[in-house]
Novice: 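Attaching a single structure in structure tokens format; questions to follow.
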Amino acid sequence: MRALSTGRSPVVGAPGAGVPELPEVETLRRTIAPHVIGRRILALDVRERRLRRPIAADLAARLVGRTIVDVRRRAKYLLLDVGGGLHWVIHLGMSGRLCVGDPPADLSHVHVVAALDGGGRLYFRDPRRFGLMLLTSDERDLGVLGLEPLGDGFSPAALWQMTRRHRRVTVKSLLMDQRLIVGVGNIYANEALFDAGLRPGRRAGRLSRAQVERIVPALKAVLHRALASRGSSLLDYRDADGEMGEFQRSLRVYERAGEACKVCGTSIRRTVIGGRGTFFCPLCQT
DNA sequence: AGCTCACCCTGGACGC
DNA sequence: TGCGTCCAGGGTGAGC
């Protein structure tokens, strides 16, 4: 992903760095929607089927000729509705990127290219191939998906109920469990718990109601902040790798082990929970 | 029930 | 310079 220079069609896509979580996928949805809605899929070139699950052999045959009528997001999935109740589902995994317009600067690992009427092209690039692409008429194929954290359903009372039903899980694992709450990955779970002043390794069932309840606004706020910075920096970015800059600077704990807490100056600690890097301030978080 | 770990995969960081 | 090794991580599934 790189600066646009040819002055042809606009280049939009996910940031060049970072693992896509809710804000990244939602930003992607907002930015590609105007370029693909109403467009007919003229051709689909599947160059590499071996993603997390192999791309079905008949994907191209089933998609070509259909028109993209809407672009939605559910959890970290992007759903391109192609009529007839069919959803073209794309998950970016951890290195997946989607862009419309000019091809990505680096054409390696471009696994799928869709040609749209009007001359636009949609590129799916995913070096690590942890992504997913399928066509389904049943959203239940995506598995059990929990509450959207920015929705009204994700309330203090709802989170409290989750902690009653899953008392022994760590609060970080609970926030990242897609069956309970969707779209929250490692970065935002760490950041939200910092903002809530709670250690990631705390057992969900041992938190007070007040502690549980302050996670909700903390998580919503960090997601909104990320959404705002991504939204503002994506559409007209010019630097080779400047898109992530703004949000990375605002991270309080993630990937900051050994650095000073921005609130109290204490050295940020790193542990591992569920096999994922976990960061917290030993003073601000209790 | 819920933990840890392995797996899928590659680029980047690091050590020699 | 260049090669080998390690690591990250979303989602899923196995085993404890």
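In this text the structure is predicted, and so the values were computed from the model without any measurement.
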Novice: State plainly whether the residues A:Asp195 and A:Arg225 are in salt-bridge range, i.e. N to O under 4.0 Å.
Specialist: yes
Novice: Report yes if at least one side-chain N or O of A:His166 is closer than 4.0 Å to OP1 or OP2 of B:dG2; otherwise report no.
Specialist: yes
Novice: Quick one: is A:Tyr77 getting a side-chain N or O under 4.0 Å of the C:dG11 phosphate, OP1 or OP2?
Specialist: no
Novice: So how far is it from A:Leu219 CG to A:Leu150 CG, rounded to the nearest 0.5 Å?
Specialist: 7.5 Å
Novice: So A:Phe279, base contact, sugar-phosphate only, or nothing? Heavy-atom distance under 4.0 Å.
Specialist: nothing
Novice: Output the rounded distance in Å from CZ (A:Arg52) to P (C:dG9).
Specialist: 17 Å
Novice: Over how many whole Å does the gap from A:Leu92 atom CG to C:dG9 atom P extend?
Specialist: 17 Å
Novice: Give a yes/no on whether any side-chain N or O of A:His109 is located under 4.0 angstrom from OP1 or OP2 of B:dG11.
Specialist: yes
Novice: For atom CZ of A:Arg53, is the number of surrounding heavy atoms from other residues, nucleotides or ligands below 6.0 Å larger than 12?
Specialist: no
Novice: Any side-chain N or O of A:His91 below 4.0 angstrom from OP1/OP2 of C:dG11?
Specialist: yes
Novice: Rounded off to whole Å, could you give me the CG-to-P distance for the A:Asn186 and C:dA8 pair?
Specialist: 10 Å
Novice: Which heavy atom of A:Gly131 sits nearest to which heavy atom of A:Leu51, and what is that distance?
Specialist: O-CB, 3.3 Å
Novice: Can you find a donor-acceptor N/O pair under 3.5 angstrom joining the side chain of A:Arg276 to the base of C:dA8?
Specialist: no
Novice: Nearest to the side chain of A:Lys76, which nucleotide is it out of B:dT10, C:dG11, C:dG9?
Specialist: C:dG11
Novice: Of the candidate nucleotides C:dA8, B:dT10, B:dG2, which contains the atom at the shortest distance from the side chain of A:Arg168?
Specialist: B:dG2
Novice: Does A:Arg53 or A:Tyr254 map to a spot on DNA chain C nearer the 5' end, using the closest nucleotide for each?
Specialist: A:Tyr254
Novice: Whole angstrom is fine here: how far is it from CE in A:Met176 over to C1' in C:dG10?
Specialist: 8 Å
Novice: Between C:dA8, B:dC3, C:dG10, which nucleotide gets closest to the side-chain atoms of A:Arg270?
Specialist: C:dA8
Novice: Mind checking if A:Thr170 touches a base, just sugar-phosphate, or nothing, with heavy atoms under 4.0 Å?
Specialist: sugar-phosphate
Novice: Any side-chain N or O of A:Arg125 less than 4.0 Å from the OP1 or OP2 oxygen of B:dT10?
Specialist: no
Novice: OP1 or OP2 of B:dC3 less than 4.0 angstrom from a side-chain nitrogen or oxygen of A:Arg203, does that happen here?
Specialist: yes
Novice: Ignoring backbone atoms, test whether A:Gln178 places a side-chain nitrogen or oxygen under 4.0 Å from the OP1 or OP2 oxygen of C:dG11.
Specialist: yes
Novice: Could you tell me whether A:Gly131 contacts a base, only the sugar-phosphate backbone, or nothing, with contacts defined as non-hydrogen atoms closer than 4.0 Å?
Specialist: nothing
Novice: Return yes when atom CG of A:Asp152 has more than 12 non-hydrogen atoms of other residues, nucleotides or ligands closer than 6.0 Å, and no otherwise.
Specialist: no
Novice: Can you measure A:Ile187 atom CD1 to C:dA8 atom P for me and round it to whole angstrom units?
Specialist: 14 Å
Novice: Need one value for A:Gly274: base, sugar-phosphate or nothing, where a base atom within 4.0 Å counts as base even if backbone is also close, heavy atoms only.
Specialist: sugar-phosphate
Novice: Report the distance from atom CG of A:Asp177 to atom P of B:dT4, rounded to the nearest whole Å.
Specialist: 14 Å
Novice: Working to the nearest 0.5 Å, report the span between CE of A:Met162 and CG of A:Leu175.
Specialist: 9.0 Å
Novice: Figure out the CG/C1' separation between A:Asp141 and C:dT12, and round it to whole Å.
Specialist: 16 Å
Novice: Measure CG/A:Leu51 against P/B:dC9 and give the value in whole Å, please.
Specialist: 11 Å
